[in-house]
Amino acid sequence: MTPAPHRRHCLAGLAAAALVRPAEAAPAGLYRRGNDADPGTLDPHRSSTVAEAHILRDLYEGLLTYDNHGRIVPGCAEAWTVSDDGLTYGFTLRAAARWSNGDPVLAADFVFSLRRILDPALGAKYAEILAPIRNAVAVNAGHAAPDTIGVAAPSPRTLVITLERPTPYFLELLTHSTALPVHPATVRRFGDAFTRPESGVSNGAYLLHESVPNDRVTLERNPHFHAAADVAIPRVAFLPTPDLASAVRRYAGGEIDSLADLPGDQMASLRARFGAQVVLGPSLGLYALALDTRRAPFDDVRVRRALSLVIDREFLAQRLWGETMDPAYSLCPSGLDRYRTPPDLAGRDALPIDREDEARALLDAAGFGPGKKPLAIEYRFNASDNNRNTAVAIAEMWRGIGVETRFTYTDAKTHFAYLRDGRPFDVARISWVADYSDPQNFLFLLQGGNDTLNPGHYANPDYDGLMRDAAAETDLARRADLLFRAETIVVTDLPWIPVMHTRSKALISPRLTGYHANLRNAAPTRFLRLEA
């Protein structure tokens, strides 16, 4: 399928006003969905990005899933039970659950899939998510065989999962891509090629029709899906839109029906131009700067604190991002389930001039400043208008305390692969969108040994001990206190510098209905409708 033609412009009149010809009619039955980036993989067990999650949510269905309001609803499982001690979960699969080739979805498929992602040979980036399952950590570390995890299929439609300890957010974990099933026979036959259109078998509302790198991933309605009769949109094309300004032009020209992100510095004009088509909502996201704590001088907390002190978070969130972000003075955003108000970064209430003075003093004590060598930083980020503008603004703030900044930027796939591979860096833009509304899903990122998600390799025994204690605590109030103490350590040590907490921001065409901004930023295509 070729991309829709770009609209043309002509100039006329003394004012040389731009006159736009009417947009061509949208292809019937095709939802053209702007997505953050090109997916690095369509293997749910190797996935690690939000852009991939949007596609996988359409291709596959876990035991539980999200609806278009971000609510947890039954997926492949039609019912479940939880034991009194909170350790054993029993799931009954739908009799009508089918793979896209017509095979029934069996409990054994979930056993196969959970063993697969936890097998260290796969190298899954997100296996840590499944740590609550009995023996999952040992298996993923290579200390036990995959068939020893606490997952069993006593009958074709019955799945039993046993946990190491009570986990109050476990059901929400099962909506995540790590818990999605893959078709065992297809994986065995094709290996890594099971994600290709010609060989792919999925169990979600859609099946993979076409995958063109840097252009589109097109899905078609899965006729074997148990709720296929309720899936109104027959085809959806996910279009990578890292250049947000260009994406807005394509949206205005009728080439895209929705955008999952918007250029923050254009929000005022976008609101004026598109009105109610601009939709802002809550989010569970963090925008931060990771520092490589393995390397001098970023192993020095004085340097990390100085860099944090002079970042004007209000300017970035309100002015640069057009109020589509909130200033972040903690790792966790406010409003998480089972938590309290997060601890603040020190110096939040100080005057800007006092923060600058403190930052200069910290750098001086660390060996940088007038009469000494300047602090030179390489700032890495994945290229987008918003990220580029943010990097330039932060570099200017750092310049005020004598810091020299140079930029290295790549596409999102390359940027995050670089960080996951454990390669050295100075400062890197990092983002996280929580998979469930619990402080643990932010704080686990900085535990020692979690190297694929903790690229700066921060390790603090006191922090790790509090996180272990919180994981074993069944009293939710005491658990919240332990997590608060853990977060207090990281906002003091600053292995990551919190910059902003995200809000969802989208452009939604009037022809698309059923979209509801929600905390989890979930909008499965199966719940949406498209007008002609």
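Just so it is clear, the structure is predicted and the values come from calculations on it, not from any experiment.
Side chains of Thr81 and Phe91 form no contact here, defined as non-hydrogen atoms less than 4.5 Å apart. Looking only at side-chain heavy atoms (C-beta outward), Pro44 and Val182 come within less than 4.5 Å of each other. Residues Pro166 and Leu87 have side chains in contact (heavy-atom distance under 4.5 Å, counting atoms from C-beta outward). Under the 4.5 Å side-chain criterion, counting only non-hydrogen atoms from C-beta, Val151 is in contact with Leu159.
The number of heavy-atom neighbours closer than 6.0 Å to CG of Asp85, taken from other residues, nucleotides and ligands shown, is above 12. By the 6.0 Å contact criterion, CZ on Arg511 is enclosed, its count of non-hydrogen atoms from other residues, nucleotides or ligands being greater than 12. More than 12 heavy atoms of other shown residues, nucleotides or ligands fall within 6.0 angstrom of atom CZ in Arg271.
A donor-acceptor contact closer than 3.5 angstrom is absent between the side chains of Trp99 and Asn222. Asn135 and Thr148 form a side-chain donor-acceptor contact under 3.5 Å, judged by distance and modelled atom types alone. For the 3.5 Å distance criterion, the side chains of Asp411 and Thr414 qualify, holding a donor opposite an acceptor. Side-chain contact annotation: Asp451 with His457, donor-acceptor N/O pair under 3.5 Å present. Checked by atom type, the side-chain pair Glu220/Tyr206 shows no donor-acceptor distance below 3.5 Å. A donor-acceptor contact closer than 3.5 angstrom is absent between the side chains of Asn101 and His224. For the residue pair Asn203 / Arg98, no side-chain donor-acceptor distance below 3.5 Å is found, with atom types taken as modelled. Between the side chains of Asn386 and Ser384, no donor N or O sits under 3.5 Å from an acceptor N or O. Between the side chains of Tyr339 and Gln440, no donor-acceptor pair is found at a separation under 3.5 Å. For the 3.5 Å distance criterion, the side chains of Thr175 and Glu172 fail to qualify, holding no donor opposite an acceptor. No side-chain donor-acceptor contact under 3.5 Å links Tyr89 and Thr162. At a cut-off of 3.5 Å, with distance as the only test, a side-chain donor of Arg33 or Thr525 sits close to an acceptor on the other residue. Side-chain contact of Arg380 with His415: a donor-acceptor pair under 3.5 Å is absent, judged by distance alone.
Aromatic pair Trp496/Tyr458: centroids not less than 6.0 angstrom apart. Taking the six-membered ring for Trp and the full ring otherwise, the centers of His176 and Tyr126 sit less than 6.0 Å from each other. A ring-centre distance under 6.0 Å is found for Tyr251 and Phe274.
Under the 4.0 Å criterion applied to side-chain N and carboxylate O atoms, Arg520 and Asp435 are not assigned as salt-bridge partners. With respect to the salt-bridge test (charged N to carboxylate O, under 4.0 angstrom), the residues Glu61 and Arg526 qualify. A salt bridge between Arg479 and Asp438 is present, with a side-chain N of the basic residue lying under 4.0 Å from a carboxylate O of the acidic one.
Side-chain N or O atoms of Asp326 include none that pairs as donor or acceptor with a backbone N or O of His501 at under 3.5 Å. A side-chain donor-acceptor contact under 3.5 Å links Ser100 to the backbone of Ser202. Thr167 places no side-chain N or O within 3.5 Å of a backbone atom of Pro132 that could act as its donor or acceptor partner. For the pair Glu487 (side chain) and Leu331 (backbone), a donor-acceptor distance under 3.5 Å is present. A distance-only check finds no donor-acceptor pair linking the side chain of Ser246 to the backbone of Asp243 [under 3.5 Å]. A donor-acceptor pair under 3.5 Å is absent between the side-chain atoms of Ser283 and the main chain of Arg503, judged by distance alone.
In this structure, Arg57 fails the cation-pi test against Tyr66, since its NZ or CZ atom is not both closer than 6.0 Å to the six-membered ring centre and inside 45 degrees of the ring normal. Geometrically, Arg196 does not engage Phe190 in a cation-pi contact defined by less than 6.0 Å to the ring centre and at most 45° from the axis.
Between Trp321 and Tyr287, the ring planes are perpendicular. Angles over 60° get that label, and only those under 30° would be called parallel.
Of all heavy-atom pairs spanning Pro74 and Thr65, the tightest one is O-CG2, 3.9 Å. Closest approach of Leu114 and Ala179 over heavy atoms only: CD2-CA, 4.3 Å.
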- Task: Please assess Glu78 against Arg94 for the test salt bridge (charged side-chain N to carboxylate O under 4.0 Å, His left out), listing each intermediate value before the final yes or no.
- Result: CA-CA 5 Å; Glu78 63 182 7; Arg94 298 177 186 271; 5.3 Å; no
- Message: With side-chain hydrogen bond (donor to acceptor under 3.5 Å, both in side chains) as the criterion, how do Arg116 and His45 come out once you've worked through the C-alpha distance, each side chain's angles and the decisive distance to 0.1 Å?
- Response: CA-CA 8 Å; Arg116 176 179 185 262; His45 300 159; 2.8 Å; yes
